[in-house]
Protein chains: 4
Amino acid sequence: MLRAAICGGSGYTGAELLRILSAHTAIEITAVTSEKSAGMSPADLFPQLHRYAHLKFEPLLKEKLLEKADVFFMALPHGASQEAVAHFHGKGKKVVDLSADYRLGDPAVYESWYKTKHTERAALMQAVYGLPEIYRNEIKSATLVANPGCYPTSAILGLAPLLREGMVSPEGIKVDSKSGTTGAGRKADVSLSFCEVNEGFKAYGLCVHRHTPEIEQEFSAAAGVEVTIDFTPHLLPIDRGILSTMYARHTGKGGLEKIHGTLKKAYEKEPFVHVHDIGAYPNVKHVRGSNECHIGCALNERTGTVIVVSAIDNLVKGASGQAVQNMNLMCGFDETAALTGISLCP
Amino acid sequence: MLRAAICGGSGYTGAELLRILSAHTAIEITAVTSEKSAGMSPADLFPQLHRYAHLKFEPLLKEKLLEKADVFFMALPHGASQEAVAHFHGKGKKVVDLSADYRLGDPAVYESWYKTKHTERAALMQAVYGLPEIYRNEIKSATLVANPGCYPTSAILGLAPLLREGMVSPEGIKVDSKSGTTGAGRKADVSLSFCEVNEGFKAYGLCVHRHTPEIEQEFSAAAGVEVTIDFTPHLLPIDRGILSTMYARHTGKGGLEKIHGTLKKAYEKEPFVHVHDIGAYPNVKHVRGSNECHIGCALNERTGTVIVVSAIDNLVKGASGQAVQNMNLMCGFDETAALTGISLCP
Amino acid sequence: MLRAAICGGSGYTGAELLRILSAHTAIEITAVTSEKSAGMSPADLFPQLHRYAHLKFEPLLKEKLLEKADVFFMALPHGASQEAVAHFHGKGKKVVDLSADYRLGDPAVYESWYKTKHTERAALMQAVYGLPEIYRNEIKSATLVANPGCYPTSAILGLAPLLREGMVSPEGIKVDSKSGTTGAGRKADVSLSFCEVNEGFKAYGLCVHRHTPEIEQEFSAAAGVEVTIDFTPHLLPIDRGILSTMYARHTGKGGLEKIHGTLKKAYEKEPFVHVHDIGAYPNVKHVRGSNECHIGCALNERTGTVIVVSAIDNLVKGASGQAVQNMNLMCGFDETAALTGISLCP
Amino acid sequence: MLRAAICGGSGYTGAELLRILSAHTAIEITAVTSEKSAGMSPADLFPQLHRYAHLKFEPLLKEKLLEKADVFFMALPHGASQEAVAHFHGKGKKVVDLSADYRLGDPAVYESWYKTKHTERAALMQAVYGLPEIYRNEIKSATLVANPGCYPTSAILGLAPLLREGMVSPEGIKVDSKSGTTGAGRKADVSLSFCEVNEGFKAYGLCVHRHTPEIEQEFSAAAGVEVTIDFTPHLLPIDRGILSTMYARHTGKGGLEKIHGTLKKAYEKEPFVHVHDIGAYPNVKHVRGSNECHIGCALNERTGTVIVVSAIDNLVKGASGQAVQNMNLMCGFDETAALTGISLCP
């Protein structure tokens, strides 16, 4: 049994790690931290986690935690994560960081979008971007994995194969994304209260959302040239799920069959990516609670636009599920361990 | 008192006309038609309409209806509307057609997208596209008004002023729209059942939705050149509301202030269009139940893209409310009669 | 034009008063107070209220407000309302108090349930319980009206006529009520956040909810004996609406026809109460946004239990709508002024 | 590996059996039947079940199915189930029947409530009521198990221990239940469409719901006397979940501690029943997707009423999960096999 700690465990991603890892036969959770809920149990905050009543939140005391766990899931706010991650990693622990701190390879880009200094450049250089469908081999040998953002996961899985194969132009890409409300985290905030969100729908963060450079980084890597995008997130009145509708100019290299074939081929051996048949499109409801990404594509012959639609559960493939997938790879477990459950639908 | 008939009154747009017109002091509803609910009352189908218990649905018998009403709201399915509209209009009645049959000026375009012959070309030539913010004067003197589609209303109100003033390029426009489920009508259909729609979100009709040519027609009129667009509708798990997020290339004529100013100026005297301050964006929740359209805009300086977001209630400004607004104009009533209610929020 | 002030206007009942009163042709709103939003406009908090952009929240300065308005809607928290209400009322103003402070005739009962002293006994003695269907005449001549609680309104309208006529026993009554989330007010509270409420349903406040003595007071008045009840409120994942399912022992005085007839007769002239036909039952959706109460009834012959189901919109008939109805009566306006809108459904 | 067939597999309980059994290491699904979807795959109807693309719905041909499976999950409509169940059972197969046909021990009661003849009395006499918390031993040796209804499961688990121990009176019990919409099944029906259900809440089936005699049968067994109840179901605008609020007269045998202790003791070794601490109550959201039942209790000292609140997921503990639990017991598997997943929340 490997011992795992969850740092920053009182939010939705923490609770989701506890849910998923309860099915992992090779992992034992030995510590969960939370400053403000210290002394309480996950069962106190989340009645569905009553089987974790024995576990108590503790403050993040680095020396103490070092003794308690072999692998660390870090679910701290960005900025706060930098030093804690570097510490555990520096002491030889395996770390999956769910914050944004180690996702952007270029610290200048990080500092410009997050308005925060990056003080752990050495650790940053060793971090691997944790999208297994692209970086599986690197993740297997990594000791520090930056778990991707939820929006970027949906966007990159949908469009990267087409950029890589030159099926779409890297210029003028639009990513129009819609996320369930768990994406905003668990907090007391009038704008996230039921009566404000329910029966509503809005765009937010236009032109300034911090997931933009993360998507651009991976689109650039796939295309082999610098890519700049328009990214618009929206808030859906549902608990879970991200659907991204993406528009890119067709380069003319083959028609819809070829585009669809490129996606099918890219993911034919992937356990968690499902490419729909031509004419079918994903629904966030069909991935709820699972680690899957569903993808559909279309070609508008009248305009020469390729449209890709992808869906994930933002708390699973977009956060905690992908973190477990990364941990499985880093630790030599079956990549799908604890992640084989079918979506809960309806 | 003017006498009004509602043809095809057993759906959501019919019920919404009854709701709205109950507040109209110059209109008396003298007939509602429905073939399949003939003999029943609107109160039987819609308990909230119990004050209409005296009214009974009747079959659409043209001669009989001619005697009963002065103005006709036609809420029949497309195709079925052509002849009935032409009939009442030909007999000198004022007609607001909520179907798609008289929206497209070019019958060849209609026939290509709707796969239906247009057999009433004479009437079609007299039809005015019923978007008062653009065609108010024409509507005032019209006797046949084609009430715009719900998606087109949201798209055109948002982008037409910028196209007209050359602030955005007519090429490469993307309209990414999200609609509440009333937009699909009232029917027994598993795919519209609560457990399929709730907690879900999906795109549909990619590249083939019939509101595409309607949006293109009005974008073309505004731009003065032929416009072709990408239009992707999505289904929201809410009752009412459309939010359209639109992407267009900035022409460089002035920055965000100028773009925003153009929208403000276009709508400064409009009773139903509200342009948000820079940095604020609409939410469908804030227009629910009202005839308003809310608009926000942004300029992505990194990409040169103008983004406009607009929100309407698809059953009000997107259907029955706009129909009443058009009728008010056609009949010389105050344009806002029966339409001054504030949105029901939360 | 009568001038109205809304004290405590930054919550949902305040916003709802602004929505409803915008349709009132004899009322001008001259002041809205809020300590924490002072200086802001209702339009800042509630984008749907943008036509109130000219109005600014001000602190509740009693002397200043006295000059500004003729009638006062008090939407302050209980306890805080006592003195402010007594002040304006003592200066000869007409006051509708939406708090709980003047609802319970016996201050000892108030103090026992609310754990707060009642320091305004003189004013309390003049307060009339504002349920027009029972106390219309008293309200007409009142200068201080205690607007009923939302749960009590639904319970009393449903069962009082049967208690009054002796159709049901006053012993052993159960009131099982379910309320939309606006009933909990507008506040930053994790337990009211979207992701906690959505797709959930729970009971709360078992045996201790403060609306219990209010229901008991009016049931007792109707029955002519002291009534004690079981009252269980539940939280519904919807914005608006209360549905109360009530169980009472049949006394045997006539069967279902007689029970139904008693309810029909009690409300035959009431503008806002609609009794369903036998076999039909209310749905909160059919009263959303309107001032109506819908009632259905059943008799379980196997058990001798009468079951009454009633539905209201908690923000309208359960709060702001009823407050306007009371104000209309107190001021000699048409009782239905500004309240004739049909429910927004779907 | 045991081979399992699902008869009537195209509804929500069928899909849920496929979801749950995908995690069962000792069960292989060898047949699923559906007359109207014959030839299609579960993956065609339910995109989340794409890993079942190899499986095709087939018509229910009894002889053919006999060869294909060792254990049968019957999810046919009541009435239709009688003969098919008796057939497979008569041929020596183990059968779990999810219909109502074998739940009521007295065929006269069945015939009176279901208005259908019961023609398989011999099989009926061998059927065991499949509530493991009460009939575990009988189930272990049974070959035909009648899987309980969803409402009865929630009601019986909540109140049976208190009836058994004489803590509450068997007279005058009220069961006020609220169910998510999957409880109504998967069908094309306007009254189940999103726009009719969403933001709504209503009671239905007052005094006549067919789960009434099933609850009464088990309450009677627990109390040792004939019990007659008032049962009112309601429709919640959520996908899954039943919450039952139950009112029973306190007999005076001990106070709240004793009542609570009785429930705790009854379930202390149960893997799927969780009794909340005094003062805490269940929420359907906390059992979504799991096989758990959560229970809370209160004692109203003013009225002498015991109130018990219980929550289950109607598709899991209320249907398919309990069916798998029963099958596990019948087949000698670990009772919790495939059922250990934590609720998906939010």
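Side chains included, hydrogens not; waters and symmetry mates left out as well; all remaining heavy atoms used. Every chain is numbered from 1, with letters handed out A, B, ... down the list of sequences.
- Here the two rings, on C/Phe201 and C/His234, have centers that are under 6.0 Å apart.
- When the candidates B/Ser343, B/Ala15, B/Cys345 are compared by the number of heavy-atom contacts under 4.5 Å with chain C, B/Cys345 comes out ahead.
- Neither the backbone nor the side chain of C/Asn283 comes within less than 4.5 Å of any heavy atom of chain B.
- Contacts of B/Ser22 with chain C are made by side-chain atoms alone, with heavy-atom separations under 4.5 Å and no backbone atom involved.
- Within the 4.5 angstrom heavy-atom criterion, only side-chain atoms of C/Arg240, from C-beta onward, approach chain B.
- The part of C/Arg51 that comes within reach of chain B is its side chain, from C-beta onward, which places non-hydrogen atoms under 4.5 angstrom from that chain.
- Aromatic ring centres of C/His286 and B/Phe46 lie farther apart than the 6.0 Å criterion allows.
- Here C/Glu292 is the residue among C/His276, C/Arg186, C/Glu292 with the most heavy-atom pairs under 4.5 Å with chain B.
- For B/Phe333 and B/His24, the ring centers are positioned less than 6.0 Å apart.
- Within the 6.0 Å centre-distance limit, the rings of C/His294 and B/His50 are counted as a close aromatic pair.
- Put simply, of C/Glu199, C/Gln48, C/Glu16, the one with the most heavy-atom pairs under 4.5 Å next to chain B is C/Gln48.
- Counting heavy atoms of neighbouring residues, nucleotides and ligands inside a 6.0 Å radius, atom CD of B/Glu268 exceeds 12 of them.
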